[in-house]
Amino acid sequence: MLNKLSPVFLLAAILLAAAIPAQAKETATDNYKAYCMQCHGLEGNGKGVNARDMAVMPRDHTDAKAMSGRSDEMLFKVIKEGGTSISKSNLMPPWAGTFTDEEIKDLVVHLRTLCKCKFGT
Amino acid sequence: MQRIIFAALLGISGAAFADSGILNKDCVSCHNITGPAAQTLKEAFAKKGPALFYAGNKYRQEWLVSWLQKPQRIRPAGLYYGDHIKIGAKSDEIDAATLKDHVVLSKDDATAVAAELMQLKAHDDLIAKEKIEPGTITKQNGEMNFDKFWGCMACHLIEPEFGGLSGPELYTAGKRLQPEFIASFIRNPQAWEPKTWMPNKDASNGSIQKFVQYFDVLSRESANAK
């Protein structure tokens, strides 16, 4: 019985999978453009279009000295859980509802290309 | 448009028609009126105007009628801010030359289009989950909740000259939006628009109710009349 039905179930599963659009993974470049640039700036220097009235200026992602003081784990945490999770400003929101963990990992790599730095260097 | 002219000649208000034709003919070039919402950033970047397929659950009809006759920009830096900013002396600035004005409608056309938009009711299920609790808040406490506790001013203006520029202004939100939509969108922005720039801040229901009350207070200030 199971053997007879299995192809039917398999076909149904394939059709169902095809009908549900998979949430495509976005590139770190596009995610940065969409979500980070508004505060961290076109050049990633912390001078975004939203920075004008902020009490705490957004992090300059091109500042190798400051960025090398942040571990990859800390960068992952602050992106996912927001500024307050590392005792920083709540103007940096949590992005857990926007990015997958994999996308956040890619963003951490992207940040390292912007600062041209690694943790502790 | 011919239909409207014909109606005008007959002395019949455009609002008398269930379908003015404007929405399906003219608005669709910039607005998504059928859904689904943008599922990828590529689609989100390409949007020219906000999605309207849930307009009937989002906007206040009287605001639509008024705004369509005298449209003023709600998002200072456009729908996708990245297309409308440039490097400035102190920080990135809005590049006003890249922004386009919304088309102006006559009173009859605005009334007809607003009536049609109110029929677009996607996400009734999300609206049904919201219960707006009666109450009020002082402007000071509302601002404290909005700015200090939640940091929302990073992206939104709470006064014409104070706040972030990438999101929609919020000092007119109380006039513009239905309270249930405000609550639902803050509670889970991605349920409405998977690729919205708005983060889910996991706000408590109590805070969400305060946001709704605060926007109402802001929208009643004469300085914010629009």
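Just so we're clear, the structure is a prediction, and the values are computed from it rather than from any experiment. In what follows, chains are A, B, ... by sequence order, proteins preceding strands, each numbered from 1.
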*Look up atom CE in A:Met54 and atom OG in B:Ser91, then write down how far apart they are to the nearest 0.5 Å.*
10.0 Å
*Over 12 non-hydrogen atoms of neighbours within 6.0 angstrom of CE in B:Met118*: yes
*asked:* Quick check for you: among A:Pro58, A:Pro94, A:Gly46, which has the greatest number of heavy-atom pairs under 4.5 Å with chain B?
replied: A:Pro94
*At a heavy-atom separation under 4.5 Å, does B:Asn188 approach chain A through its side chain, its backbone, both, or neither?*
neither
*Quick one: pull up OG1 in A:Thr84 and CH2 in B:Trp150 and give me the separation to the nearest 0.5 Å.*
9.0 Å
_Minimum side-chain heavy-atom gap B:Tyr80-A:Lys33 below 4.5 Å_ = yes
*Counting a contact as any heavy-atom pair under 4.5 Å apart, which residues of residues 92-102 of chain B contact chain A?*
B:Asp92, B:Glu93, B:Ile94
*Any side-chain heavy atom of A:Thr98 within less than 4.5 Å of one from B:Trp197?*
no
*Determine, step by step, whether B:Lys42 and A:Glu26 satisfy the side-chain contact (heavy atoms from CB on, under 4.5 Å) criterion, reporting the C-alpha distance in whole Å, the side-chain angles of both residues, the deciding distance to 0.1 Å, and the verdict.*
CA-CA 9 Å; B:Lys42 187 180 175 188; A:Glu26 304 286 355; over 6 Å; no
*If you tally heavy-atom pairs under 4.5 Å against chain A, which of B:Glu161, B:His156, B:Met198 wins?*
B:Glu161
*Under a 4.5 Å heavy-atom cut-off, does chain B meet the side chain of A:Asn45, its backbone, both or neither?*
neither
_Nearest non-hydrogen partners of A:Met37 and B:Gly82, listed with the distance_ = CE-CA, 4.0 Å
*Check the pair A:Leu91, B:Met153 against side-chain contact (heavy atoms from CB on, under 4.5 Å), reporting the backbone distance first and the verdict last.*
CA-CA 8 Å; A:Leu91 295 173; B:Met153 61 70 63; 3.7 Å; yes
*Where B:Ile85 and A:Leu42 come nearest, the two heavy atoms and their spacing*: CD1-CG, 3.8 Å
_Heavy-atom closest contact (A:Pro93 atom, B:Lys201 atom, distance)_ = CB-CE, 3.8 Å
*Counting distance only, does the side-chain N/O of A:Asn90 pair as donor-acceptor with the main-chain N or O of B:Phe149 below 3.5 Å?*
yes
*Close side-chain approach of A:Tyr35 and B:Thr196, heavy atoms under 4.5 Å*: no
*Would you find more than 12 non-hydrogen atoms of other residues, nucleotides or ligands less than 6.0 Å from B:Lys121 atom NZ?*
yes
*Measure from the side-chain N and O atoms of B:Tyr81 to the backbone N and O of A:Asn50, and report whether any donor-acceptor pair falls under 3.5 Å.*
no
*Taking every heavy-atom pair that is under 4.5 Å apart, which of B:Asn200, B:Ile87, B:Leu41, B:Leu165 has the most such pairs with chain A?*
B:Leu41
*Verify the neighbour count for atom NZ of B:Lys47: are there more than 12 heavy atoms of other residues, nucleotides or ligands below 6.0 Å?*
yes
*asked:* Looking at B:Gly163, is its backbone amide N or carbonyl O close enough to the side chain of A:Asp53 to form a donor-acceptor pair, meaning the two atoms are under 3.5 Å apart?
replied: yes
